[in-house]
Number of protein chains: 2
Amino acid sequence: MKAEKNPSFQADALSHKLGAFLDVGSQEKTMLELLQGPQSFIGAGKEVVYEGQNNHAAYVLRKGWVCSYKRLRDGGRQIVDIQIPGDFLGLSSLLLRTSDQGFISLTEIELAKINTNRLQEVLQTTPRLAAALLWAVSRDQAIVVEHLVNIGRRDTMARTAHFLLELHARLSLVGLGTVDGYHCPLPQSVLADALGVTAIHLNRVLRQLREDNLVIFRDSAITFLDRERLARFAGFDLTYLDHKASLTD
Amino acid sequence: MKAEKNPSFQADALSHKLGAFLDVGSQEKTMLELLQGPQSFIGAGKEVVYEGQNNHAAYVLRKGWVCSYKRLRDGGRQIVDIQIPGDFLGLSSLLLRTSDQGFISLTEIELAKINTNRLQEVLQTTPRLAAALLWAVSRDQAIVVEHLVNIGRRDTMARTAHFLLELHARLSLVGLGTVDGYHCPLPQSVLADALGVTAIHLNRVLRQLREDNLVIFRDSAITFLDRERLARFAGFDLTYLDHKASLTD
DNA sequence: CGCGCTCTTGACTAGGGTCAAGTGCAGTGG
DNA sequence: CCACTGCACTTGACCCTAGTCAAGAGCGCG
């Protein structure tokens with residue numbers, strides 16, 4: 001089940017993710033492949049879609065990490081969400097002419113452009129797959145909402161813990177997590193921009209989490225020392241990631 | 001154009017809102033009416049949909065104010081968004097079996113249940129109207145994202161100003177705003193829960209905004225004293241409310 | 001009249017931001 | 001092989017924003 005033992009696994013993260021919602025048959029798997037147009041490989045730190053871009057495309061992230069963000073007048077930025085393999089980029093804002101968020105690659109990435117015509121076909125002809133795709137979009141929204149709650153109501157320590165636990169759950173769903181941790185290529189400055197705090201303060205909070213024997217973030221790796229206790233401390237309840245869709249039965 | 005001069009106006013807030021995106025023809029207006037099932041009238045402070053409710057319905061809010069929120073373990077709550085006449089309730093999470101947010105009425109309200117079967121019909125047979133509905137859903141998402149940015153990156157004073165300006169823009173779109181203000185039935189405690197601060201601190205910040213001759217919140221009414229300056233101060237840029245959809249032309 | 005609710009204000013505390021200095025390390029060039 | 005540079009991370013000292021605790025004011029309602 002480890003990603004490095006099965007190279008095709010990561011590239012197929014999307015179908016694996018959807019598999020959490022329904023069994024993806026081989027025909028549906030083919031449809032899913034057809035949805036995805038030409039691949040592109042992009043280095044780290046590149047703007048994939050910029051804020052205000054017109055008629056931007058939507059993509060499936062096949063490898064690597066991306067974040068979506070909004071810039072502020074004063075030069076700061078707020079990271080809205082982190083995208084990991086199997087996630088969509090810009091799908092939900094496809095209907096708006098201009099993207100209100102920017103997307104930037106955090107590592108080297110592999111993207112597949114979504115063929116919008118085929119997408120409409122799929123939505124009309126393959127109801128099960130359509131439901132699965134809409135489920136994924138709804139889940140992305142729930143993630144943003146939980147992020148809002150996280151920033152609005154938890155102090156930095158619980159907030160950080162919650163965020164790291166969420167990433168673990170999401171990565172595990174696409175086979176990129178281990179029992180007690182995961183590879184996390186984010187620099188502290190990016191994590192800070194996601195959590196709405198300064199990098200300096202985040203650094204202190206990470207030290208506190210480490211000294212409390214809860215979680216260690218070192219050498220681009222998250223290691224949970226006591227995930228149960230951490231989840232209790234953070235008030236982490238993963239039902240928002242776990243929703244079953246209402247059309248299943 | 002004033003709401004009080006045209007009583008039918010408010011009840012038709014949705015079609016008016018969609019009118020900002022495309023001209024709603026009379027046939028489309030009829031479809032829109034057919035979408036909406038039986039009305040219900042509910043008093044203030046009632047739970048319309050509770051957190052974790054299964055197989056909840058979706059509604060159009062025709063009159064009054066509602067908020068969507070999530071509760072935390074410790075008893076606190078974070079208000080995710082405020083709904084005003086013409087807004088949907090629970091539409092985007094219709095595909096998830098359980099609602100991850102609760103909805104509570106903030107005033108007396110009038111709801112129309114959305115007929116889900118008819119909705120699917122509309123989506124397939126009336127593409128222009130379908131696009132308009134999806135536009136509205138995308139816009140709601142953009143509002144939540146901007147809320148996230150607001151809480152993550154602005155101090156309470158700018159945050160409050162931004163939130164009040166957003167409400168003004170949204171209310172104006174459905175004919176419920178005046179040039180320099182609007183009726184705002186929110187108690188300070190609710191506003192505080194939306195902004196992620198304590199009611200006490202919000203109270204002080206509102207005083208500051210008043211003393212700086214920017215905006216007055218008194219007797220359930222918002223009055224802007226200098227909207228230009230306030231918008232500059234808050235970094236308010238309403239493009240996220242104003243998006244045109246990409247399928248218009 | 002008294003109860004409860006919202007709003008207001010004061011005094012104190014603590015969480016988080018700002019400024020500043022310093023460490024460790026990978027990459028580059030002498 | 002060893003400076004030199006740049007970047008991410010670390011730590012300390014200080015200050016300010018926002019939370020906590022507490023008390024009181026204004027007002028609608030039974």
Side-chain angles (χ1 to χ4, degrees), chain A residues 43-45 65 67 72 74-79 106-107 150-164 183-212 215-222 233-234, chain B residues 43-45 65 67 72 74-79 104 106-108 150-164 184-212 215-223 233-234:
Chain A
W65 293 41
C67 72
L72 296 163
D74 61 25
R77 69 169 179 181
Q78 173 65 46
I79 290 180
L106 300 170
T107 66
N150 203 23
I151 290 182
R153 287 290 140 168
R154 283 187 263 262
D155 65 20
T156 311
M157 203 159 149
R159 194 187 302 174
T160 305
H162 192 283
F163 191 79
L164 295 178
H183 173 73
C184 176
L186 307 179
Q188 290 183 12
S189 56
V190 166
L191 198 52
D193 278 355
L195 294 170
V197 296
T198 58
I200 294 179
H201 186 54
L202 176 66
N203 182 279
R204 289 189 239 265
V205 165
L206 287 173
R207 167 160 50 120
Q208 190 63 46
L209 286 168
R210 191 187 333 126
E211 287 173 354
D212 288 355
V215 56
I216 293 176
F217 183 20
R218 180 174 290 168
D219 298 330
S220 300
I222 295 289
F233 168 73
Chain B
W65 293 42
C67 72
L72 295 163
D74 61 26
R77 70 169 177 180
Q78 173 66 46
I79 291 180
I104 199 165
L106 299 170
T107 65
E108 294 195 341
N150 203 22
I151 290 181
R153 288 289 141 168
R154 282 188 264 261
D155 65 20
T156 310
M157 203 159 149
R159 195 188 301 174
T160 305
H162 192 282
F163 191 79
L164 295 177
C184 176
L186 307 179
Q188 289 183 12
S189 56
V190 167
L191 198 51
D193 278 354
L195 294 170
V197 296
T198 59
I200 295 178
H201 186 54
L202 176 66
N203 181 278
R204 290 188 239 266
V205 165
L206 287 172
R207 169 161 47 124
Q208 190 64 44
L209 286 167
R210 192 188 331 125
E211 287 172 354
D212 289 356
V215 57
I216 292 176
F217 182 21
R218 179 174 290 169
D219 298 329
S220 299
I222 296 289
T223 310
F233 168 72

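Order of the sequence lines sets the chain letters (A, B, ...), proteins ahead of strands, with each chain counted from 1. For clarity, every value in this text was computed on a predicted model and none was experimentally measured.
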Just to confirm, is there a sub-4.0 Å distance from OP1 or OP2 of dC5(C) to any side-chain nitrogen or oxygen of Q188(B)? no
* Asked: Counting only side-chain N and O atoms of T156(B), is one of them less than 4.0 Å from OP1 or OP2 of dA18(D)?
  -> yes
- Query: Taking only N and O in the side chain of R207(A), is any of them less than 4.0 Å away from OP1 or OP2 of dT10(D)?
  - Reply: no
Winner on side-chain proximity to T198(B), out of dT8(C), dT20(D), dT18(C), is dT20(D)
Q208(A) atom CD is separated from dG15(C) atom P, nearest whole Å, by 10 Å
Q. With a 4.5 Å heavy-atom cut-off, do Q188(A) and L206(A) have their side chains touching?
A. yes
Taking dG10(C), dG12(D), dT6(C) as options, the one with an atom nearest any side-chain atom of P187(B) is dT6(C)
Side-chain contact check for H201(A): nearest option of dG15(C), dG17(C), dT10(D) is dG17(C)
note: L191(A), atom CG; dG16(C), atom P; distance rounded to Å ~ 14 Å
Minimal heavy-atom distance between A199(B) and S189(B), with the atoms involved, is CB-CA, 4.1 Å
Rounded to whole Å, CG of D155(A) lies from C1' of dA14(C) at a distance of 11 Å
Whole-Å distance, L202(B) CG to dT8(C) C1', equals 12 Å
To the nearest angstrom, the CG-P distance between N203(A) and dC7(D) comes to 19 Å
On a heavy-atom basis, the closest approach of N150(B) and H162(B) is OD1-CB, 3.5 Å
Side-chain ion pair, D74(A) and R153(B), N-O less than 4.0 Å
no
Separation of dC5(C) atom C1' from L186(B) atom CG, nearest Å, is 16 Å
D193(A) atom CG is separated from dC9(D) atom P, nearest whole Å, by 12 Å
- request: May I ask you to say what R204(B) touches in the nucleic acid, namely base, sugar-phosphate or nothing, with a heavy-atom cut-off under 4.0 Å?
  value: base
Nearest heavy-atom contact between D193(B) and Q78(B) is O-NE2, 3.2 Å
I200(B) atom CD1 is separated from dC12(C) atom C1', nearest whole Å, by 13 Å
